[in-house]
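The next block holds one structure in the form of structure tokens; read it before the comments.
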Number of protein chains: 2
Amino acid sequence: MDYVNMESYLKAISDHNRMLILKYLTKDSLCICEFTELLDMTQPAVSQHMRKLKAAELVTEEKRGRWTIWSLNVRHGLYPMLIHLLSLLPEPEITVESLAANGKKVVCE
Amino acid sequence: MDYVNMESYLKAISDHNRMLILKYLTKDSLCICEFTELLDMTQPAVSQHMRKLKAAELVTEEKRGRWTIWSLNVRHGLYPMLIHLLSLLPEPEITVESLAANGKKVVCE
DNA sequence: TGTATAAATAAGCAAACGCTTATATAATGA
DNA sequence: TCATTATATAAGCGTTTGCTTATTTATACA
């Protein structure tokens, strides 16, 4: 890992909304439309954050019908450190469970 | 540590020049004029980087005559993680020892 | 004193960032 | 086939970033 790679990696996680996204992903794989609810953000804004996280190889995507399911990339060399960093952050107020309660949780069969 | 604090902390280290500065500081306390040699950078550029690192409480400064000696803030809660991150980065090509060899090492008595 | 040196600060600038709105693409299902 | 839904992409905009040059402040020393 050289200085430029490390800079790219750290810049990718140096945003409070992307940290929230990563925090959610430690518990669940989620799609863009769920993040728009969880973060109260527009769809393009979430989409652009995911593109940055993907470019840094922090997340992986899997197409399922019309949804794209995003997951943490557990194979990343700095994954353990990321998990530790995220463990220092509080649980978000809006939970994935509350999504389910409102019928907003996406279930791909 | 909330999301905004973590964002500020990560943004402070998300720069390859500041990572280099921090890497040097893991071995030695140094002053601005030494960093200008080590990083081949102008004095104001280094000074502005130190201001950012200080704002994030990553470094401490001590005035000694006309020099300001900068050190890592070992009391920072994320200091152990920082050390780990820096350990993943290669040793810089220009060393503090080479400064001394060229008579550029500052010695405050 | 006056001069040299170390560092901080200010203003300016190009590039990157995080968002917006508008639009395009692709899959679903009536 | 056509409308709906999920996502991606594009263009634009205000803010931030990392540098530059110029200047100021402060200390050391002949």
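Numbers restart at 1 for each chain; the letters A, B, ... are given by sequence-line order, proteins then strands. In this text, all values refer to a predicted model and were calculated from it rather than measured experimentally.
The nearest whole Å value for the distance from the CG atom in L30(A) to the C1' atom in dT7(D) is 15 Å. Between D15(B) atom CG and dA15(C) atom P the separation is 17 Å, expressed in whole Å. Note: CE (M19(B)) to P (dT17(D)) measures 16 Å, nearest angstrom. Taking atom CG of residue L20(A) and atom C1' of nucleotide dG18(C), one finds them 15 Å apart after rounding to whole Å. Rounding to whole angstrom units, CG of residue L10(A) and P of dA16(C) are separated by 19 Å.
In this structure, K54(B) reaches neither bases nor backbone, as no heavy-atom distance under 4.0 Å exists between it and the strands shown.
A donor-acceptor pair under 3.5 Å is absent between the side-chain atoms of D28(B) and the main chain of L30(B), judged by distance alone.
Residues N17(A) and G65(A) both approach DNA chain C. Their nearest nucleotides, taken by heavy-atom distance, put N17(A) toward the 5′ side.
Looking at heavy atoms from C-beta onward, M50(B) lies out of side-chain contact with E61(B) at the 4.5 angstrom threshold.
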side-chain hydrogen bond (donor to acceptor under 3.5 Å, both in side chains) between H76(A) and E57(A), worked out: CA-CA 7 Å; H76(A) 194 289; E57(A) 302 186 316; 5.3 Å; no
With side chain to side chain contact (heavy atoms under 4.5 Å, CB included) as the criterion, how do I21(B) and V59(B) come out once you've worked through the C-alpha distance, each side chain's angles and the decisive distance to 0.1 Å? CA-CA 10 Å; I21(B) 289 172; V59(B) 296; 5.8 Å; no
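An OP1 or OP2 oxygen of dC17(C) is reached within less than 4.0 angstrom by no side-chain nitrogen or oxygen of K11(B).
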Could you run down nucleotides 3-11 of chain C 5' to 3' and tag each one B, S or - for protein heavy-atom contact under 4.0 Å? --SSBBBB-
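Comparing dC19(C), dG18(C), dT20(D) against the side chain of R18(A) picks out dG18(C) as the nearest.
The line from CD of E7(B) to CG of N17(A) is 8.0 Å long, rounded to the nearest 0.5 Å.
For the side-chain contact (heavy atoms from CB on, under 4.5 Å) criterion with I69(B), the lone passing option out of R64(B), K63(B), E34(B) is R64(B).
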